[in-house]
S.K.: 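The structure's right below; bear with me while I get my questions together.
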Amino acid sequence: MSINQLESNLEAITRTIAKLKKDGCTDEKILNELYEERDKILKDLNL
């Protein structure tokens, strides 16, 4: 996957997490999956 695509996915996941938290989402399973995916992308980008 290209770096631009990874950055786009990272931004989308980060925005989704922020929106869910703002809206009061309490589903830890969904949030944890998003955090894990975000961490994987950060690792791939060496950030």
Side-chain angles (χ1 to χ4, degrees):
M1 194 176 301
S2 70
I3 290 178
N4 288 339
Q5 183 66 46
L6 288 173
E7 289 174 347
S8 295
N9 289 348
L10 178 61
E11 181 179 0
I13 290 170
T14 302
R15 288 179 184 267
T16 302
I17 290 170
K19 175 84 169 112
L20 288 173
K21 289 179 95 176
K22 180 181 177 191
D23 291 346
C25 178
T26 57
D27 190 339
E28 290 298 318
K29 181 181 178 192
I30 291 172
L31 290 172
N32 285 336
E33 287 175 2
L34 289 169
Y35 283 128
E36 288 174 11
E37 186 63 26
R38 186 183 68 175
D39 290 343
K40 180 182 171 201
I41 293 171
L42 288 170
K43 185 179 178 183
D44 289 345
L45 291 171
N46 293 322
L47 296 177

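Note that the coordinates shown come from a computational prediction; the quantities given were computed from them, not determined experimentally.
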S.K.: What pairs of residues pass the salt bridge (charged side-chain N to carboxylate O under 4.0 Å, His left out) test when at least one of them lies in residues 14-31, not counting sequence neighbours?
M.R.: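 Of all non-adjacent pairs touching residues 14-31, those that pass salt bridge (charged side-chain N to carboxylate O under 4.0 Å, His left out) are Glu11-Arg15, Lys19-Asp23.
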S.K.: Keeping to residues at least two apart or across chains, list the side chain to side chain donor-acceptor pair (under 3.5 Å) pairs with something in residues 37-47.
M.R.: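 For residues 37-47: none.
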S.K.: Nearest 0.5 angstrom please: Ile41 CD1 to Ile13 CD1, how far?
M.R.: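 Reported to 0.5 Å precision, the distance equals 3.5 Å.
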S.K.: Would you check if there is a donor-acceptor pair between the side chains of Gln5 and Asn9 at a distance under 3.5 Å?
M.R.: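 On atom types as modelled, these side chains qualify, holding a pair under 3.5 Å.
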S.K.: Could you give the distance from CD1 (Ile30) to OH (Tyr35), rounded to the nearest 0.5 Å?
M.R.: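 Reported value, rounded in 0.5 Å steps: 12.5 Å.
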